[in-house]
Every structure is written in structure tokens, then in C-alpha cells.
Amino acid sequence: MINMSLFVRIFICFVIAGAALYKHIDNSNALTGLRLAIPALQKEVNQIKEDNIVLQYEIDQFENPAHLIELSHKPEFAHLKYPSSNAIIILTETYDH
Amino acid sequence: MTTNFDRKRVLTIALILFGLFTLLIAQFYKIQVIEGDKWLKQADRQHFFIVKEPFKRGTFFANNTVKKGHPEALQPFVVDLPKFHLYLDPEAIPPELRDAVANRLTTIIGLTSGERGTFRKQFDYKSRSRKLAMWLDRSTRNDIQSWWQTYARQNKLPPNALFFVGDYQRSYPYGKLLGQVLHTIQGNKDEITQQAMPTGGMELYLNSYLKGKLGKRRLMRSPRHALETEESLILPQHGADVYLTIHPSLQAIAEEEIEKGVKNAKARAGWAVMMDPRTGEILALAQYPFFNPSEYPRYFNDPLLIEHTRVKAIQDANEPGSIMKPITAAIALKANRELKARGEKELFSPDEKMSTASGRFPGRRKPISDTHLHKYLNMDMAIQHSSNIYVARLVERIIARMGNEWYRNQLSEVFGFGKKTNIELPAESSGLLPTPGKKHPNGTLEWSVPTPFSMAFGHNILVTSLQQMRAWAVLANGGYYVRPTLVRKIVKTDNAGVEHVILDNTRPERQQNFPRVMDEEIVKRVVQSMRYVTKKGGTARRADVPYYTEVGKTATANKIKGGAYSEKLYCSTFMGFTPVENPAFLLLVTLDEPEYAYIPGVGFNHHGGTTVAPLFREMAKRSLEYLGIPQDDPDNTIWVQDAIRLQEIYEKWNMSGKQ
């Protein structure tokens, strides 16, 4: 019975140690996987940032003041007027508690 | 004996082994310790390579603070877009495949038939690196890469026989807008420093702020670029951003109007400068024909186009002509003030009936003349009718009572003539303010007896448009000497994202430090005289801005060609500010060499009041409306009665037979 008890305790120790080791290796693998993915993700983020710059550039091209003035000369926009500065009210942000 | 022999043999072997081991240790010590750095570097070179990381050149941002309620988003005048250069290793491509590769690449890139010959020649150079194409976008790069990977594999070519190098291209979302002021950088960078080479303008003047520093990145020679193959050794330092005073919409209005004006007047060129007279901030600086920075090689390779790359408002000094007359009146009033302080009789009274029938002045063989004969004028009439004789008489009295040096000192110290404005642009002209006793290169005196009489109406003095703006700002802002500027702020952002303000022209102390150079009362009196220029009887009725008050003055200056005044070449200007109380801006419009012609019912095409005055009116009207400036003359009736009364007095004084 004593030998059986010792065997069970050793077995449990091995199981716990094995599980801990497995968990550690699994975490390490997951971490390694993430670290491997970083360069690719970084590259992707940089590319998205660069694409954003190009898109913003295209928006700015459309919003070129000369182009907007050209549009304002068209009959469909003839009803639009510049507001007088007296008519502009600037509201400041407030917070209600 | 045998035992001794064996011992000796064992000892010898042991010593040899020990010696060899010592040598091994010594060699190990030499490699690891003494030459450790050397071998470490060699190992690094074999496993890693270093690439330079490009920096972003600083950006120019528009001024979004002028218009109330303007959106606060930053508007860049120039953007650095990521692009790619395509390189070739010609020796890696066998001659029999070169035509096929070149043809395929020219199709993908979209080269014209004229460009294909030069492109194909690059394949035959004995070199390991030839630049095939510049400034390719990402999609073109991807197209080339996807084709090349397959092609290189099929034909057993090294994959790196074609390769790309990333770079940033200066790009202009607003196209030609503000082209001459901004300028650009050359397509090729300096081979050694890898710095951009500006072509002129603010790119050149502010290059030390705009340029950054290259970074260094270490890459591992690994086909799969596995874990931690990249390491930044030195982060690139991006250039500082420049926040301009130019408002993009006001600039667009000015450019549109100046283009129309130059075309209508069949002029050689034209420019307009709009400035806040209180801060000296330049709100618009337009010049036609335009300069498109994206097409800079076309301008620099054509002798006819290259002149359009210069900013004429600061580089060309011309005789200002009649816009000098209000300045002369202000100096005369200042002389009055000084004489009164000394307890002496004043020089003149603005309401004095001064004889202007004779244009004879000491030292002049040819009398000074006006466009029409005026027998008598007071200051209001003289400015309204643009009389040369009246202002010359004022200066005659100034010289007699105050002296040449005093008069010159006023022009130099109060109005800044002959001094650079130090605007943030290269090659600014300081103009020429004559100095008594000094000689021209041809040996003639700069300042002779009749010189001050001519300077009274803007002859014998050379002034840039921006110097005129600075001088007139004294009249528009109540007597302060401003420093014109194109820059509000220069801000550098470090790699941690922290902003460092290098220059701040928006701080209130800057404006508070502008010196007062003229009493407010004097300025108000001169401005009062200018009110009638755009009203009935004035020389610039076509400059009357509807629904707003304005004051201004025309100038029609003969150009000097071959050392003599040209009869048919003129530089016509109108300058003024609006609204008169608390002006939104000071505006100068100039047409260079408008066609010499008579327009029936209107007048001479080259006169400032004919073609330039309406340009001022349109530019000012559209700009005021855009800014939302409240109308201060909604019925267009202000000063009309005063102008009629002035006209009645003028007629009374100048009617034939009555004096």
C-alpha cells in the first residue's frame, strides 16, 4: 500500500510537472507565433498608412480651392452664399454632469 | 633504463601536447579577445546588411486661421508620397532575353515610343545597377513584381536582377497653386548626402528646416526574413513642417483673377499680393503665367518659361509711380508736425489752394507735367487727380526747409525704401533709394538737384512690390512699420511624436514690437485724401468695391528700356485696402507691360485705372465675400456727397478765367 501511495504521488507530480511543462511550451510557441507575425503585420500597417497618405492626397486634389471655386460657378451651386462673419456662431464644447 | 626512457617519451609527448594546447589557447585568445571586434564585424557583415531609411521632408501647411468658422483640419500645399525607383542589374540578364524584358517593362510602366529607346539602352551598360524608371506607384511596382517572379523562375534568372528602391516624391495636391513661392526639389538627390536639391522659392530658403536625416536599419540575410531580422540602428529624423500665412482660397481667388486680368489686358505678366496690414502676414501671392512645380524641368529648360519661376513681387524692382504720392503727402504732414514742434511756420496746409499750373522745377530742363492741366489743387484733389506737380511742390518745400537728408531718411527709416523686407524667399531685391553724394556705376550722381522732385511721384527710385506693401501698411494700420512674412510657425516633430516649435510668428509680442513710425492723425489725414480716388472725378472709379469702403491709388509707370523711358511699355499698378476702418487686407495688383492701346469709352489699356483697377475690385470683392466681412457701405453712397463737394471746389478753382 505504501509503494502504491508513493507511486500515485509520483505519478501526480509527473502529471502536474508535465502539464506545467506543456503549458509553458505551448505559451512559448504562441509567443513565438506572435513574434513571427510582427514583421508581416508591421509591413501591413506601414502599407495601410502609406495608402492612407495617397488617399488623403487624392481627397485634397478634389478639394483643391481652385476646383471648389470652379464648382461654385456652376448654376446648381449658385444659391450658395458665403455667410457673414456676424452670422457665424461658434459653440464651445461643455459637459453636463 | 627502459622506465626512464618511457618517462622521457611520455614527458616529451605531454610537453608537445601542452605546447599545442597552449598554442590553441593563444590562438583562441587572439581570435576571441585581441581580434574579437574584427571577427565580430566580419560575421555581422556576412549575416546582416545595413540599409538607409529615407526621411520625410517637411511639409508646407496652409493658413486656416483667417476665416471665422474655418475648418481646423490641416491643408497641406505639398505632400511626400511614397514611390519607387526601378533598378536593373544588366549583367544578370543574358543578351538574348533583354529585348523581351525591356518590352514587357515598357508596357507595364506605360512608356511612350520616344522613351523606349533610352530605356532599352540601359540593358547594354556594363554595370551592376542602372536606374530604369523613377517615381513608380505601388500598383505598378506590384505588377512588375508579380510578372518578374514568374519570368525569372522560368528563365532561371536571379530574382534580384530587377529591384526597387523606395523614396518619397514631392507632390502637390493643389497643382500649380502658389507654385512660384513654394518651388520644388529636383528629381535626383545629392549622391553623397542623399539630400534633396531645391530649385528655388521657400524650398530653398527654408531647406535647413525642411530637410531631415537618413536613418539606418539592419537586416538579416535570411531568405524567409524570420524572427527579429530587422533592427533600427538610427531612426530617420523627418524634416520640420512649415505653417504658412497663405490662405489657399484667397490664393485661388487671386490666381484666377490675375490670370483673367493678364489675358484681358494682353500683358506680359501680372501679380497680386494680399497682406494683413497689422501683422505683415502675406495672405496671397499670385503670379501669372503660373509655374507648376511638378513640371519644373519644362520651365528650366525653356529660356522663355524660366522667368515665370521667379517671384517678381520681391525680385523685380521698378519705379513705383503714382502710388508714391500718398507717401509723399504723409512725409509732408510729418514735416509740418516737426516744424510746428520747433515753433516754426508749417510747410503747407492740406486744404491750401496750391498753384499747379507750372511744372518748372530747379535742375530740370523738361518741366514736370500732369495728364491734365490743373491750375490749383489742394491735397485731396491732388491725390484724387494724381497730380505730379502738386507732390513735387510739396517735396520742393520739404527740401527747402528740412533738407535732402531728412527727406531721404523718412523714405528709408519710416517707409523702408532701399531696405529688404527679409521675407522668407531667396534673391530678394533691396531696390534703390538714391543717396546724396553717391554715384551710379556709370559715374552719374544718384541724387542730383531734381531727384527728390521726381521721387515725389515715384520716379528715380526703384522699389519692389513687397516694399510698397510694407510702406502702405503704415497707412493701413495707423502708423506701424511691419515686417512682412510668409511663415506663421515652423514645427519639428521628434520620433516620440513630441512637437518642438522652432519659430513662432503668431505670438502677440511680435506684433507689439512693430515700431510706430507715423502719428495716427497724419495717417488718418492721408487716408482721408485717398477716399476720392475711386469716386467721381478720381483716376480709379473702376476700383470702387461694391458694398464696401476702400482707399487706393493707381500707378502707370513707364518701364526703362536701354537706359531710357519707353513710350509704350508700362507697369500698371493699383494698390489699396478695404474696408477702410479695420482693413481685412492690403492688396496690390500689378500688370507688367499691358498692351499699349486705347479702349473706346474706357481709356488707355495700359493705365492703372483702366485694366488694373477692375482687377483690384473683383479680387477684393470676392475675397471680402469669402471671408464674410460685414458690408460697411451697403448702399454704395458713403463719401459720394464729399466727392461731389470736392468736385465743385475743383471746378470753381480751375474754371477758365476764374481763379
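All heavy atoms count here, side chains included; hydrogens, waters and symmetry mates do not. Being a predicted model, the structure only gives us computed values, none of them experimental. Just so we're on the same page: letters track the sequence lines, and every chain starts at 1.
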Novice: When you compare the side chain of A:E50 with that of B:K83, does any pair of heavy atoms fall below 4.5 Å?
Specialist: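 B:K83 does not reach A:E50 side chain to side chain.
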Novice: Please state whether the side chain, the backbone, both or neither of B:I253 comes within less than 4.5 Å of a heavy atom of chain A.
Specialist: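 Both backbone and side chain of B:I253 come within 4.5 Å of chain A.
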Novice: Step through the shown structure and confirm whether more than 12 heavy atoms of other residues, nucleotides or ligands are within 6.0 Å of OH on B:Y547.
Specialist: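 Result for OH/B:Y547: open.
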Novice: Taking C-beta and beyond as the side chain, do A:Q56 and B:V79 meet within less than 4.5 Å on heavy atoms?
Specialist: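 A side-chain contact is absent here, since even the closest heavy-atom pair is not under 4.5 Å.
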Novice: So which part of A:E63 gets closer than 4.5 Å to some heavy atom of chain B, the side chain, the backbone, both or neither?
Specialist: backbone
Novice: Can you tell me how far OG of B:S249 sits from OH of A:Y82, rounded to the nearest 0.5 angstrom?
Specialist: 7.0 Å
Novice: So for atom CD, which belongs to A:E76, do other residues, nucleotides or ligands contribute more than 12 heavy atoms lying within a distance under 6.0 Å?
Specialist: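 Yes.
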Novice: Below 4.5 Å from any heavy atom of chain A, which atoms of B:P248 appear? Answer side chain, backbone, both or neither.
Specialist: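 Both parts, heavy atoms under 4.5 Å.
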Novice: Around atom NE2 of A:H24, are there more than 12 heavy atoms from other residues, nucleotides or ligands closer than 6.0 Å?
Specialist: no
Novice: Heavy-atom cut-off 4.5 Å, strictly under: side chain, backbone, both or neither for A:I53 against chain B?
Specialist: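 Contact with chain B is through both the backbone and side chain of A:I53.
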Novice: Given that the side chain runs from C-beta out, which part of B:D137 has a heavy atom under 4.5 Å from chain A: side chain, backbone, both or neither?
Specialist: neither
Novice: Mark yes when over 12 heavy atoms from residues, nucleotides or ligands other than A:I90 sit less than 6.0 Å from its CD1; otherwise mark no.
Specialist: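 Count over threshold, so yes.
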Novice: Assess whether side chain to side chain contact (heavy atoms under 4.5 Å, CB included) is satisfied between A:I69 and B:R622, documenting all intermediate values.
Specialist: CA-CA 11 Å; A:I69 288 172; B:R622 290 180 61 187; 3.2 Å; yes
Novice: With only heavy atoms counted, which part of A:I88 is less than 4.5 Å from chain B, the side chain, the backbone, both or neither?
Specialist: both
Novice: Please determine, among B:A252, B:P173, B:A62, the option with the most heavy-atom pairs under 4.5 Å with chain A.
Specialist: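 Option with the top pair count is B:P173.
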Novice: Mind running side chain to side chain contact (heavy atoms under 4.5 Å, CB included) on A:K81 and B:E625 for me, showing each step along the way?
Specialist: CA-CA 9 Å; A:K81 303 283 177 212; B:E625 282 174 357; over 6 Å; no
Novice: Locate the shortest heavy-atom distance separating B:L627 from A:S85; write the atom from each residue and the value.
Specialist: O-CB, 4.3 Å
Novice: Which heavy-atom pair separates B:L81 from A:Y57 by the least distance, and what is that distance?
Specialist: CD1-CD2, 3.6 Å
